[in-house]
Amino acid sequence: MEPLINYITLSAILFGIGVYGLVSKRNALRLIFSVEIIINAAILNLVTFSTYSQPPTVSGQTFALFAIAVAAAEVAVGLAIIMVAFRLRSEIDVLDLKKLKG
Amino acid sequence: MVLPFLIVGILASFALILPGIGFFYKGFKNTHGWILSLIALLASLALLLTPPAYSLIQDQTISFTPSLTFDSLGIFFSIAMLMVSVFVVFSSYEFMKKEGNIAQYYSLILFSSAGMVLIAFSMDLLLLFIAWELMTIPTFVLAGFNKKAFESNEAAVKYFVLGTLSTGILLYGISLVYGLTGTLQLNEIFKILSQRALVDPLSLLASSLLIAGFGLKMAIVPFHMWIPDTYEGAPTTVSTFLAAGTKKAGFAAALRVFLIALPLKGLLNEWSLTFAFLAIITMTLGNIAALTQGNILRLLAYSSIAQAGYILIVFAIANGGTKALELGVSGALFHVLNHAIMKSAAFLVAALVIQHSGRADLDYYNGFSNRAPLTAFNFTIALLALAGVPPLSGFWSKFLLFTAAIEANMIWLALAGIVNTALSLAYYALIIKRMYIDEPQDNVKMPQPLAYTFILTLSTILIMFFGLFPDIVISYTQEAAKALIP
Amino acid sequence: MILTPILGALVTYFTGKAGTKVVRALALAFSLFALALSILAYGSILTENKGAELNFVEGPYPWIETFKGLSYYIAMDGLSGPLVLITGILTVLVVLGSYDLITFREPLYYSLILFFEGVIFGVFTAQNLFLFFIFYELVLIPMFLFIGIWGGPKRKYAAIKFLIFTSAGSAFLLLAFMALWIFSPNTLNIPELYGKIPFWLQVWASFATLIGFGVKLPIVPLHTWLPDAHVEAPAPISVFLAGLLLKMGGYGFVRVNIGLLPEASRELSWIFITIGLVTMFYGAIVAMIQKDLKRMIALTSINHMGYVLLGAFTGNLLGLSGAMFQMFNHAALIGLLFMLSGYIHEQAGTRDLTILRGMKQLMPKTSLLLIVGSMAAMGFPTFSSFLSEFMVIYGAISLNSFYAIAIAVPLITVGYFMWMMKRAIFTPSLSNHYHDLPSHSFLHLAAYMLPLILFLAMPWLMLNIINPISAKLIIGG
Amino acid sequence: MVDIAFLALAAFTVATSLIALEAKEIVYGAVALGLSFLGIAGFFILLNSPFLAAFQILIYVGAIAVLIIFTVMLVRREVWLKLAEDKGRIVGIFGGFTIVAIILIFTISSQMAFQFPPKEQISFTVIGTILIKDYWFALEILALLLTASVLGALTLAKLEKEG
């Protein structure tokens, strides 16, 4: 087995990729991709810590279970919102959504 | 201990029944949904306000699960948040006259309220997280509820992306806390962490991530960019719910996590400075941005950011000794309650105007006092209370917070707060000026529907009552503060 | 006592639909009732010679249990007595004076006037710092609306400027009071705080109150809101503004700085006195070059309030009593001048001193009043304002003979009032369409002079009430 | 030290997530995202959590990824298929690296960075016990949450009669 740091590094990299996507992408779907990658990094963290904790506990895995289910619910709602957006207009580029100025 | 279950049970069952009725019973009307959801909310509120509820606080024997607590802090937050829900539902009556999907609208509000109540009572990160999501997910839908309007949809998209981001960040922070301690119970986390000789640097990272995660809801400054857009675009009653309700839940969660699980000696210094810095930035930026807005919703959104800055003071003074903390927590709780009332009232006036005229620009408010005298008066009171003019309720809570800052030897923080309060009076006064002094473009009387008038007058009465007799609330918040501080 | 006008305000507002006559009558009735109350109170303090003690004490009733410091505590002593009296007088006169000058939205106007009166009573009688602060802040709201709704062409700007300046000032005040509260969490009742505040805190609090009260007074670098507010406000409101609002600053200095922070006031008195002198000179000199009659009068009041600051911090009986006396006198005389400027503006259509002329022929009654009022403002020895200015200057000189330069100020004042009168009254006019005052207005305006003459003839009426309290304040305790 | 399986999986996951963001065609991006979820499931097996792995494949790969792909395909007829030029790429890369660096700095300075997993492992069946014993309430709330989100999603996705 690896030392813990390898897993944390991996999840950190995934987090970083998510942040990169959030900052640089301007498409609603890609933004959702980025956020999903971040959530996955967090879930990976949870499971890792669950296995590595001393003495071992499973509450991390339980949490991961819940988190996965919640993420599914969130994505369902998010995609419904995207569908509405799609219906309203064919463009869903967030830059174009900038009718409301920040 | 039964009470949280009962309340969540009531809210959830009504939330489940509503769309069921709406689906099967074709004659389902706005009035029905309105009455049913009001019954659920008022019943829950009544349960929280009855004396037996308080005797239960002492009785910790009946417990179904260790992840819930039933303390005065939770009761206080639930009361404040349920009040907002009542306000919102009450005034939605007018809004929903024109909309479809009535049952779903009320049901989602009830779901979200159940989530807020649960957040206030959770003592376990898992439950807190689930409750957080139960509160958040329905609001995504609510923000985009007006399916035919671009603005509403844009608001929903932005809110959704930022909302899920906060979920992700929160999850990451929680995972680190879990990795450090191997447990999710807030009490246990504190116990385990405080036994360690050294403070693990990871806990610093974890708390920053948690600040960011909660901060997205609380409207703290670097995470505030979605707020004005969303509040402007979403249906205004929903904006009320977001600004006055779910934001408070963010504070409830943050108070629990930061004051119960993470008040570590080695961390406190970094924390207080970070939070003090965030508080100052948040209030200053919020107030300055509010000064330049020409849209009432954006103005209120920025002012709500500024108000979040005041509440943040409580986290900044965690290092300042028990007395300061007690003052601070009690001030923060009071401010949460006040802000819930004042902000709801202010947003609801905006909602009323938008429904009537479709206009959210400030120019429409010129000469408003002639067109809708009672509404204008109620609005004025709410704005003055937001500005912290004595002896309205908003003054006392700010006063407690600033005093706490002085007590904790952070006079500069108190000074920043006071200067900001004076600054904020400027843009509130500008609105009052428009309403009472400027000439209206037209002198058409604006209808003042009964539901709105009732709720606005009620809020005015509450603001004045809490302003003249703040003792009632403060004695309670102090008790809650004592419960929270070990 | 405070409740009467506030109650009156509510009643007046809700009878608004019954027509303006009813509203006026009601407002007058309530203000007369309040005046009667204040005369009674004043009289009983005077006759029983209890100026140094607290009379008509209400409280302290604990208001907020958890804030130990805050209680409802109201009382009158020799310091508040004259100010309460002049508040009562001015309110009646302002209500009377508004008949001609205020012509729209009367219900709101009169109810705000009564509300204002009640709050001012509160300021002058509160014996608890918090209570004081609450009333102090509350004054802003009616004043903001007065200027904003019934003001002149630039009223919006003036109202906002006024609000921002004064609310920023009170922010400092709040900070000072909070610091005092943290130091003494159990009470903020003024009588109980005497002599219990450590010196370092006194110094900090003094600086905070210097700004806080200084904005209201106004002291010189913080005065810029005043001319704008005065010029834009309608004449009756200018009377309130100069007659009562400015007094809040002076009252605050005496009550809080001299009373609660005596050591710091003594040590720092040179700062306050310097600022007072600067304010006097500035007010006098700038008033000299004004073209607008009303703006000139406004700047005069800055000059006069400088006396208050100077007198209050001389630290001797004469100066302090003089300052208090000056506040009372100034309220009456400035009221007359502002009302006059209002009438002149209405009748002559201008307040521009370069245009205004020949009032002697065209408006004899007005001219008479203007001469009399100017004499009072100059400190001419026929009015009690002479007495108070004399007391202040004498007190200052006896402290340090350098302060003798203060004598120059009345000279400047005399100079520009003379110039004004020569210009406006005695220069022959070019046109002749001005109308003189109706005689009821003349009577009403003359009523402003009553207290000035009365208290010159019988200064003991005032000094018997003031001297005990200033003696007590100077000895400390 | 480092397991080959770990390395390979890590490379796979990182690569697929990058492709998910960078693919020209958003459909390929969606597929890559699904694959990256699959990679995460692989780590769960490496971490002795087969139950979680199964769950991840079921929900994330089986439901979420498929849902996303469906949405993408549904909407693909439209103009927004091609991405606009991404302007903030350099800022984005910088932001990503900063986050990675911060997390790593904090982790390396932590005592637990070089921990190894304890010898004894708890069977995943314990999860069931915990769910029933400690988190039954959270489970119920989760059920509520799912209902709420289904309700919300249906409300939004439903076509209104007027169009």
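Worth knowing before you read on, the calculation uses all heavy atoms, side chains too, and leaves out hydrogens, waters and symmetry mates. Convention: sequence-line order gives letters A, B, ...; per-chain numbering from 1.
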Worksheet, complete the sentence: Only residue of A:Ile37, A:Ile82, A:Asn27 satisfying side chain to side chain contact (heavy atoms under 4.5 Å, CB included) with A:Ile32 is A:Ile82

Option that, when pairs with chain D are counted at under 4.5 Å, heavy atom only, ranks first among [options]:
options	result
A:Val77, A:Val70, A:Thr62, A:Leu79	A:Leu79
A:Val23, A:Leu65, A:Thr9	A:Leu65
A:Gly78, A:Ala12, A:Gly18	A:Ala12

Evaluate the side-chain proximity of [Y] to [X]: yes if any heavy-atom separation is below 4.5 Å, no if none is.
X	Y	value
A:Ile38	A:Leu14	no
A:Ile8	A:Thr48	no
D:Leu9	D:Phe43	yes
D:Leu52	A:Ile68	yes
D:Phe44	A:Leu44	yes
D:Leu47	A:Tyr7	yes
D:Ile130	A:Val58	yes

Atom group of [X] that falls short of 4.5 Å from chain D, counting heavy atoms:
X	result
A:Ile81	both
A:Phe49	side chain
A:Leu10	side chain
A:Ala71	both

Among [options], which residue forms the greatest number of heavy-atom pairs with chain A at distances under 4.5 Å?
options	result
D:Ala30, D:Gly152, D:Ser49, D:Ala10	D:Ser49
D:Thr98, D:Val150, D:Ile93	D:Ile93
D:Ala101, D:Ala138, D:Gly95	D:Ala138

Worksheet item: Is there a donor in the side chain of A:Ser11 and an acceptor in the side chain of A:Asn45, or the other way round, less than 3.5 Å apart?
Response: yes

Worksheet item: Using a distance-only test with no angle check, is there a side-chain donor-acceptor pair under 3.5 angstrom linking A:Tyr20 and D:Glu22?
Response: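 The answer is yes; a qualifying pair exists.
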
Check each atom of [X] against the heavy atoms of chain A and say whether the ones under 4.5 Å are side chain, backbone, both or neither.
X	value
D:Leu156	both
D:Phe94	neither
D:Ile102	neither
D:Leu154	neither
D:Ala63	neither
D:Ala5	neither
D:Leu142	side chain
D:Leu104	side chain

Discussion item. Can a donor-acceptor pair be found, under 3.5 Å and without considering hydrogens, that links the side chain of A:Ser50 to the backbone of A:Leu46?
Written reply: no

